[in-house]
Amino acid sequence: MNLTFKFDVGPMLQQLAAVEATREADLRFALAQAAVQMMTWMNTGSPNEPLKPPIRFGTLRGSASVFVGSKLIGIAPSEGGEPTPATAYSANANIITVVYNTSYAAKMHEWKGGWGKYTRQDGSAGAKWIEKHIAADGPLAMQGIAEILKERAK
Amino acid sequence: MNYLYNLAAFLETEIPGLVLVYDDFTEASPEECTLIRDTGGTSSDDLDREDHSVQCLSRFFDKLAGKAAIDSIYALLRKQFHITLPEVTLDGVTYPAVVAWRILPRQTPTYIGDDENGKQLHSVNFVVTIK
């Protein structure tokens, strides 16, 4: 005598696929939130790290933009000068990239001299602002992503 | 934990002819040299681990000479794990040898333009993990 049980996993897989799609959308949302927050902290300073980019005319700060993967998420508000923020970039889907798209951005980040009077007038402006914010704020941004995912999973 | 002067001693031993200055270019610095400085880092609350950020910045009148200097540092440090940075004495102060668990470049060497005297600047950064 045969005893046969049939268990149709189709509906369950459909639900799992739906959950997976929802979680993927939640992740995109959380990464975008963290991305904009990181760019803002880098340009304006954060509670953990007050450092800001050097300033002459506002071009450098206004040339910041941020991507999640290859998707443009945000552009820094203009502070004058002639900003040229990047609008296209290519990266892995889960990478947050902050771009300062000026010819002298690397020099300003790596060197401590030649900034001009506006830098000196603006407190906490100076080199290494990206590195220091990644070190100081990176863990907090990761925690924020986790909190958003937890909240949206309820 | 100090490590910077030990790292500098390691570089000077392994790269003959490399001229290093510490922390900042000053009037006493040679015209052509490479700066090594600590740019901060992070420590662990729970472990002994410390991740130090180090910048090497070369300034040379000749761009290729500057690139060669910074490239030699990058080539030496980019795949170093668990190496002993030797003891060194500076101004009568002895800094004991320290073990670097890992030295990780943040990027490849970068040309960043010239300074006010027309010297060409190249920069590269590392994370030096001590624990």
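Naming: A, B, ... by sequence-line order, numbering from 1 per chain. Being a predicted model, the structure only gives us computed values, none of them experimental.
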- So which part of B:Thr39 gets closer than 4.5 Å to some heavy atom of chain A, the side chain, the backbone, both or neither? both

- Task: Decide if atom CD of A:Glu20 counts as having more than 12 heavy atoms of other residues, nucleotides or ligands within a radius under 6.0 Å.
- Result: no

- Does atom CZ of B:Phe61 have more than 12 heavy-atom neighbours from other groups under 6.0 Å away? yes

- Item | A:Glu79, CD: over 12 other non-hydrogen atoms inside 6.0 angstrom | yes

- Task: Give me the one residue out of A:Glu110, A:Lys112, A:Glu131 that meets side chain to side chain donor-acceptor pair (under 3.5 Å) with B:Gln55.
- Result: A:Glu110

- Message: How long is the straight-line distance from CD1 of A:Ile134 back to CZ of B:Arg106, given to the nearest 0.5 Å?
- Response: 7.0 Å

- Note on the structure: Most contact-rich option vs chain A, by heavy-atom pairs under 4.5 angstrom, among B:Asp51, B:Leu35, B:Thr110, B:Asp115, is B:Asp115

- Note on the structure: One should read off an interatomic distance between B:Ser53 OG and A:Lys132 NZ, to the nearest 0.5 angstrom, of 7.0 Å

- Verify the neighbour count for atom CZ of A:Phe57: are there more than 12 heavy atoms of other residues, nucleotides or ligands below 6.0 Å? no

- Item | Residue part contacting chain A, namely of B:Arg37, when any heavy atom lies under 4.5 Å | side chain

- Step through the shown structure and confirm whether more than 12 heavy atoms of other residues, nucleotides or ligands are within 6.0 Å of CG on B:Asn117. yes

